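Structure first, commentary second.
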Amino acid sequence: MIVKNMPGGGTLVAGNFVYSSEPDGLTIIHTNFGATFISPVIFEDPAVEFDILKVNYIGSMLAPPNVMAIGSANDYMNLEDLKKAKGLKFAAVQPAAMGTIAAALVSEFFGFEDTKIISGYAGSSAQHLALGRGETDAFVTPASSYNIALSKGFVKSPPVMVFGTERSPYFPDVPLFSELLDLTPEQQALVDITNVLSYADMIEAGPPGIPEDRLKFMREKFLEINALPAFQRITKNIWPVWVEPKTAEEIEAIQKMTASVAPEEVAKLKELTEKYISIIK
Amino acid sequence: MVLEAFAQALGNLTSISIWVWLLLGVIWGLVFGLVPGIGGVTAMAIFLGVALFLEPMQALPVLVALMAVSATGGSITAVLLGIPGDNVNVVTIFDGFPMTKKGEGGRALGAALTASVLGGVGPAFFTLGMVIVVLPFVMALTSMDMVFIILIGLSFVVMMSKGSMIKGLISAGVGLLLATIGLAFSTGEPRFTFGNPYLYDGIHIIVVAMGLFAIPVMVELAMKGGTIAEAGTPIKGMHDVWMGAKDVFHNWKLWLRSSLIGYVFGVMPGVGVTGALFISYGYAKASSKHPELFGTGVVEGVIGPESANNAKESGALLTTLALGVPGSVTGAMMLAALIILGFAPGPSMLTEHLDLSLTLLILLAAANVIAVMICYPLAPRMAGIARIPSRLLVPLVVGMVFVGVYVSQGLIQDVIALLIFSALGVAVRHFGYNAGALILAFILGRLFEDYLMIGLQVGGPLFFLRPISLFLILIIITIFAYGPLKRVLKRRFLT
């Protein structure tokens with residue numbers, strides 16, 4: 001087996017490469033679900049050269065939810081404090097990132113006053129440092145990143161809210177974003193897109209056209225490996241709560257949702273996000 | 001508690017297995033460092049996959065060794081062939097390679113190796129003592145202050161500009177322009193990518209370093225013929241190497257200050273440690289009695305950057321362990337390794353796992369010593385590379401460079417980009433522009449823009465009105481004003 005690290009284009013170089021490779025079942029991509037197969041599609045990145053409905057998904061695992069957390073260098077303790085605050089700053093990586101969009105929705109729907117999303121931090125470590133220094137006040141991030149920030153003492157516990165369609169077993173008492181508000185249908189449509197964007201699983205996939213028997217074999221073996229206690233023990237170093245892996249059928253259902261996201265709704269989401277990013281205004 | 005942890009750390013070090021793994025890591029790191037384009041980061045990335053199946057006290061010594069010594073391996077090729085093993089070795093070329101051409105390759109190697117080991121060992125030992133000072137300093141800095149720290153680095157373009165200042169500034173301008181290629185972090189806008197995802201992350205630094213330095217040197221050698229060492233120049237053996245080692249002790253103030261520069265930059269996350277090397281070179285030049293000789297092959301031009309190069313890893317390891325924030329790319333690899341091995345880098349590494357942190361710092365120092373013990377006896381033979389005919393050396397080295405560049409990311413596009421940057425490098429060299437200024441601006445330009453954008457978002461247009469930022473602005477003004485002011489005062493007091 002040859003493991004080839006293929007950086008570039010935020011995983012798109014690798015995604016395009018695998019999509020166009022020989023469909024013999026020998027070339028597989030292991031990547032972040034949202035970063036490769038959801039976000040670039042929803043935001044119509046011109047570099048995307050694959051059709052997400054034709055990709056052969058094998059399975060996905062390690063799905064930490066996205067959470068919103070408050071930095072340790074300020075006096076805000078919970079959502080009520082944030083609602084009363086003025087001039088909150090959210091740390092974000094870039095405008096199309098899940099964390100940025102979620103921060104914009106939270107600010108808009110809860111009516112935070114004078115909020116700014118500070119876009120441009122070079123990854124989660126930079127965001128953590130910004131929170132620890134008091135340069136920013138909060139952020140939205142995968143829970144694995146939140147855990148790391150917590151271990152460094154840069155954020156408070158517990159997170160303020162979780163994003164997604166169901167509560168996380170790791171944060172059973174932390175409410176979902178959608179539970180905290182009575183959303184209008186228009187708001188719900190934007191939250192639905194955010195929920196799709198929030199998938200941070202590690203996914204395995206291959207090009208279209210893999211022979212059925214090989215695909216079936218890989219999918220079965222994927223689930224068997226995930227069920228091994230030794231495998232679960234090693235992966236708990238990365239994410240301590242074991243969540244059942246997603247099957248290919250579940251991933252295909254998610255991708256149907258991705259493909260059906262209306263461009264007009266995406267445009268509204270972008271407009272809303274840009275309202276809070278001061279460098280774009 | 002500290003004494004107890006220190007005693008435990010010493011106890012850890014009595015295990016023979018730790019030293020065996022450390023030695024393996026040193027050899028691996030030196031070999032990878034020697035191959036142009038590969039370097040410590042690639043070596044660590046490859047080893048991470050193996051680390052999953054090892055015990056922590058088997059994996060960590062290897063990783064620490066790779067972090068410590070890959071720059072040392074790269075400095076050997078920088079001195080002897082004019083080719084950086086990695087981008088952190090670029091600055092060593094400026095005077096190291098001219099020394100080899102003059103037949104002083106052994107001396108340059110001796111100076112590089114000695115400066116490396118002292119730069120690597122000294123800071124490792126005072127690192128823990130500096131925790132009380134360093135960590136609050138790192139936490140006090142904000143993105144707004146980083147703008148000016150990067151600008152200090154960029155201002156050393158002036159120092160890099162030997163000869164024509166205009167050409168130096170033009171070279172820096174080209175570097176800044178090349179740094180804009182890719183996705184702008186703050187806005188997500190693609191710039192000069194032409195819809196090609198390969199360019200989304202910008203041009204890979206290895207491609208730029210090899211294209212600007214490695215290939216033009218080989219092209220020049222191929223056209224000139226002969227050998228690297230100029231005809232008639234003797235190549236002395238071990239005597240030359242020891243002379244280089246003694247040079248470091250004669251210039252102990254330069255070594256100390258350069259190590260401090262490297263260490264401080266290593267401690268600061270996100271600032272780009274390459275800037276430290278240019279600053280230490282610039283400092284060496286500014287503090288020399290004969291700054292006009294820099295670039296022609298002076299040993300101080302090797303001592304400065306080599307001291308900083310190894311000192312930075314101690315600083316980077318400290319912030320990686322204590323804050324969980326990597327101070328260098330190798331620090332980022334170490335962070336990933338610690339997490340994979342079940343540790344949580346952060347304050348607990350200075351309390352609950354203080355003995356482990358101490359062990360790693362001692363191993364970092366030890367790795368530097370072992371690397372130099374391996375390289376010293378081989379140095380005279382390695383200096384003999386300067387006598388290999390170009391018809392043998394050029395195809396071998398060019399082949400290694402292309403393979404190294406391809407291996408670094410596994411992308412054929414890097415090889416195509418290398419061809420383009422090689423042409424640029426040859427042109428820069430031929431027309432007397434400044435490759436050093438170009439690469440400095442390329443590396444720091446992107447960082448400068450990113451921090452500037454964040455600074456403006458956080459603090460508005462007057463974001464610099466902070467005590468730390470104002471102090472840094474004062475340093476920048478001093479850097480530019482120092483030369484002219486010195487000349488004016490000299491003239492006034494002499495007339």
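Model, not experiment: these values are computed from the prediction.
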Apply side-chain hydrogen bond (donor to acceptor under 3.5 Å, both in side chains) to B/Tyr198 and A/Asn16, showing your working. CA-CA 11 Å; B/Tyr198 167 71; A/Asn16 291 340; over 6 Å; no
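Taking every heavy atom of both residues into account, A/Pro95 and B/Phe185 meet most closely at CD-O, 3.9 Å. In this structure, A/Lys116 and B/Val458 approach most closely via the heavy-atom pair NZ-O, 4.1 Å.
Annotation: the span from B/Leu335 atom CG to A/Ile148 atom CD1 amounts to 7.0 Å, rounded to 0.5 Å. Once rounded to the nearest 0.5 Å, the distance linking CG of B/Leu183 with CG of A/Asp45 reads 7.5 Å. One finds the OG atom of B/Ser186 at 9.5 Å from the CD atom of A/Gln94 (value rounded to the nearest 0.5 Å). To the nearest 0.5 Å, the span separating NZ on A/Lys89 from CD on B/Gln457 amounts to 11.0 Å.
Ranking A/Ala96, A/Ala92, A/Ala130, A/Ser125 against chain B, the residue ahead of the rest is A/Ser125, based on heavy-atom pairs under 4.5 Å. Heavy-atom pairs under 4.5 Å with chain A peak, among B/Leu199, B/Leu141, B/Thr193, at B/Leu141.
Using modelled atom types, no side-chain atom of A/Arg133 and backbone atom of B/Ser143 make a donor-acceptor pair closer than 3.5 Å. Judged by distance alone, the side chain of A/Ser119 and the main-chain N or O of B/Thr187 form no donor-acceptor pair under 3.5 Å.
A 6.0 Å sphere centred on CD of B/Glu55 holds no more than 12 heavy atoms belonging to other residues, nucleotides or ligands. Annotation for A/Phe231: atom CZ counts as buried by contact number, over 12 foreign heavy atoms lying within 6.0 Å.
In this structure, chain B has a heavy atom under 4.5 Å from the side chain of A/Phe154, while its backbone stays farther away. For B/Leu411, the part sitting under 4.5 Å from any heavy atom of chain A is the side chain, from C-beta outward, and nothing else.
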